[in-house]
Amino acid sequence: NPNCGKTTLFNALTGSNQYVGNWPGVTVEKKEGEARLGDAAFTVVDLPGIYSLSPYSMEELVARKFIIEERPDAIIDIVDATNLERNLYLTMQLLELERPVVLAVNFMDEVEKKGDVIDCGRLAASLGVPVVPISARDNMNIDLLVEEAHRQMHTGLTVEPDDLYDDFTHAVHHRISEIIHDRAYEKGVPAHWASIKLLEGDAIVEKALNLPPDIRKRLDALVAEYENSSDLGDRETLIADSRYQYIQKVVSASVVRGGVPGELTFSEKIDQVVTHRIFAIPLFLCTMLVMFVVTFGPFGSWLSDGVGAGMDALARWLAPTLAGLGVSPVLISLVCDGIIAGVGGVLTFLPQIALLFFFLSLLEDSGYMSRAAFIMDRALRRFGLSGKAFIPMLMGFGCTVPALMASRALESKRDRYKVMLVTPFMSCNARLTIYILFSEMFFGSYAMLAAYSMYLIGIVVAMLVSVALHLLDRKREVNYLLIELPEYKMPDARTVAIYVWDKVKDYLGKAGSTIFLATLLIWFLLNFGPQGYDPGMSGGFGAVIGRWLVPFFAPIGLGFWQIAVALIAGISAKEVVVSSCAVLFGVVNANSPAGMAQFAQVLSGIGFGPLNAFCLMVFCLLYVPCAATLATIKK
């Protein structure tokens with residue numbers, strides 16, 4: 001299930017040997033890694049976090065399809081020991097598939113703190129599969145878990161799935177199995193699982209089996225008989241009730257509750273403040289403010305200045321060194337004015353971007369992010385959005401692409417469209433590079449306030465657009481928020497480190513590919529024109545294009561051909577606006593203190609002041625998203 005420590009366990013099993021991509025044809029993230037047991041190596045596939053194998057979401061379909069069609073050698077089912085009843089529901093469905101399963105009971109350290117006792121031996125006897133108590137965060141019993149998974153690869157399933165249901169469900173299930181067994185065998189679908197899914201009303205299994213009319217008629221009669229046997233109603237509810245009856249028997253035999261009955265847990269005590277009707281939203285806003293103060297305040301600026309000074313020193317040393325070696329002035333300009341000024345200017349912001357992702361990771365891993373969605377639900381609903389929309393919109397402050405991918409968690413297609421249309425107004429880390437540069441150059445001690453205002457403007461515009469979409473939407477849907485509030489826990493250092501490194505690596509990859517190519521293109525457009533090489537840039541193709549665009553940008557205070565060219569280049573990636581400006585205005589490493597002073601002087605000399613800078617920041621916030629975002633929206 002989500003929030004059961006799956007990512008922490010995956011990182012403990014595989015370390016840095018991970019490969020991240022997408023499942024074929026869908027935007028659900030696919031992670032693979034290598035685990036070892038002695039000399040033996042295993043491929044560990046991290047399936048999406050799901051609550052059941054019912055086909056309600058793309059994640060559930062991916063997990064189900066992989067288990068059935070790829071036939072993995074063993075399944076490690078991770079359950080939250082502090083919430084055993086709900087977690088075992090997915091376990092029941094995995095056992096129905098008759099695949100080799102190992103149960104990893106995580107957060108055993110939390111169970112001990114609460115005074116509960118879980119008899120894993122009795123739990124294993126009841127379920128018929130190996131049960132390993134673990135604490136993924138502390139690496140407790142991880143090697144034992146791999147050994148049991150390896151043993152299950154050769155031993156196979158040891159449980160009889162018929163034991164999972166009450167007598168009547170068992171009987172009806174067997175009668176269905178008799179009439180569809182041969183058909184399931186022909187189609188390569190597990191017969192036992194297909195029978196229970198047909199009884200449950202699974203449309204995908206029905207379509208896969210393509211039952212003839214006579215069998216279809218007999219099946220409908222059995223389903224009607226089953227539904228009429230109880231007052232609970234539909235067949236899905238009856239099957240769920242049967243599974244939970246079994247789970248309750250297993251838990252009552254295996255778990256001894258400690259502590260004082262009715263006593264509030266540690267998480268519940270915190271939630272009395274964190275989700276309080278009055279204090280919740282101010283506390284959330286203060287949390288966000290602290291994150292921004294640390295990231296963009298003196299500490300974050302000090303780190304960025306250090307990187308900027310290093311890039312500045314590199315450019316100052318390289319130019320005369322290359323000249324002394326007799327290198328062509330064109331090549332020196334390409335390396336120093338193009339590559340170092342462009343890519344180096346973007347790398348200057350790497351420390352602040354790493355800090356931002358570090359804080360987001362802490363909030364996610366501690367369990368606070370779900371509370372944030374919960375407390376924002378009422379506010380967002382007034383703008384026609386669900387509280388679940390808050391999570392992708394918040395992720396948009398990091399990068400719009402994964403934020404758009406996260407919108408698939410919304411059940412309603414209309415909600416997904418709304419979120420995809422408003423999320424690009426959240427200020428991603430690429431725009432952050434623009435805010436930091438221009439606010440520090442023109443707003444002095446108010447730089448942080450100027451940068452923070454861009455985030456607020458983006459939120460206000462997103463809400464206004466959302467209200468407009470809600471008013472235009474004639475098919476109003478009410479989608480109530482149902483979200484799990486996991487137990488609070490101390491963030492895992494390894495998980496946080498891997499998460500931050502993944503984001504930094506993506507950023508570096510972009511700097512090494514998209515931004516590098518864009519920088520070369522901009523350098524070429526600036527330094528070459530109809531008359532050939534022109535180091536003064538005024539006769540380059542870029543100047544020609546920029547001057548043609550000036551009348552369009554002049555009414556908003558951006559009537560400078562260099563700015564016009566930089567904004568067009570920024571459609572490839574927003575960071576390119578900074579690197580392009582540096583190259584266009586002939587400033588080496590504009591993000592170092594010396595480069596920034598030079599840049600501000602150059603801009604002031606052409607009449608570009610604080611108001612122009614603010615207009616540029618707002619325009620970069622609101623204009624066309626980057627190419628990667630547009631491609632993701634289309635996909």
Side-chain angles (χ1 to χ4, degrees), residues 2 22-30 48-51 54-62 203-204 360 364 369-370 372-431 454-484 571 573-574 619-635:
N22 282 341
W23 293 93
V26 294
T27 54
V28 178
E29 192 176 74
K30 177 182 184 180
I50 56 173
Y51 289 105
S54 300
Y56 295 125
S57 71
M58 201 178 289
E59 282 86 350
E60 288 163 348
L61 287 172
V62 163
I204 295 176
L360 288 174
E364 176 70 45
M369 203 71 92
S370 297
F374 169 68
I375 62 178
M376 292 301 292
D377 181 58
R378 181 176 295 178
L380 287 177
R381 197 167 292 284
R382 292 173 181 167
F383 297 98
L385 292 168
S386 158
K388 280 188 179 178
F390 170 76
I391 295 175
M393 289 171 73
L394 185 63
M395 288 178 66
F397 289 124
C399 179
T400 311
V401 172
L404 292 172
M405 290 179 176
S407 68
R408 66 174 182 269
L410 298 164
E411 292 83 3
S412 165
K413 191 174 184 179
R414 306 178 86 79
D415 278 355
R416 287 199 294 273
Y417 281 171
K418 287 177 185 176
V419 170
M420 283 192 287
L421 287 170
V422 301
T423 299
F425 292 118
M426 302 296 107
S427 292
C428 64
N429 62 43
R431 294 187 182 102
M454 292 299 110
Y455 288 82
L456 297 178
I457 292 170
I459 292 169
V460 169
V461 171
M463 293 301 101
L464 291 174
V465 171
S466 180
V467 168
L469 291 171
H470 185 60
L471 293 174
L472 291 169
D473 186 7
R474 295 182 181 180
K475 294 183 180 179
R476 303 284 174 86
E477 296 178 3
V478 180
N479 294 300
Y480 294 104
L481 178 69
L482 182 64
I483 191 167
E484 179 185 1
I571 296 174
K574 288 292 176 283
F619 189 83
C620 289
L621 164 67
L622 300 179
Y623 89 121
V624 187
C626 68
T629 297
L630 295 173
T632 307
I633 291 173
K634 182 179 184 297
K635 187 176 183 180

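Computed from a predicted model, the values in this text were never measured in an experiment. This chain uses plain numbering: 1 for the first residue, then up along the sequence.
- Taking CE of M426 as the reference point, atom CG of L621 lies at 8.5 Å (rounded to 0.5 Å).
- In this structure the side chain of K418 never reaches within 4.5 angstrom of the side chain of V465, judged on heavy atoms.
- Closest approach of S466 to V422, counting heavy atoms only: N-CG1, 4.0 Å.
- Note that the CG atom of L380 and the CD1 atom of I375 stand 10.5 Å from one another [nearest 0.5 Å].
- F383 contributes atom CZ, which lies 10.5 Å from atom CD1 of I459 (distance to the nearest 0.5 angstrom).
- Between K574 and Y623, the closest side-chain pair of non-hydrogen atoms falls below 4.5 Å.
- Closest of all the heavy-atom pairs between P625 and P424 is CG-CB, 4.0 Å.
- L385 CG to M463 CE: the interatomic distance, rounded to the nearest 0.5 Å, is 5.5 Å.
- F619 CZ: more than 12 foreign heavy atoms inside a 6.0 Å radius.
- The OG atom of S54 lies 10.0 Å from the CG atom of L61; values are rounded to the nearest 0.5 Å.
- Atoms OG and CZ, from S427 and F397 in turn, are 6.5 Å apart once rounded to the nearest 0.5 Å.
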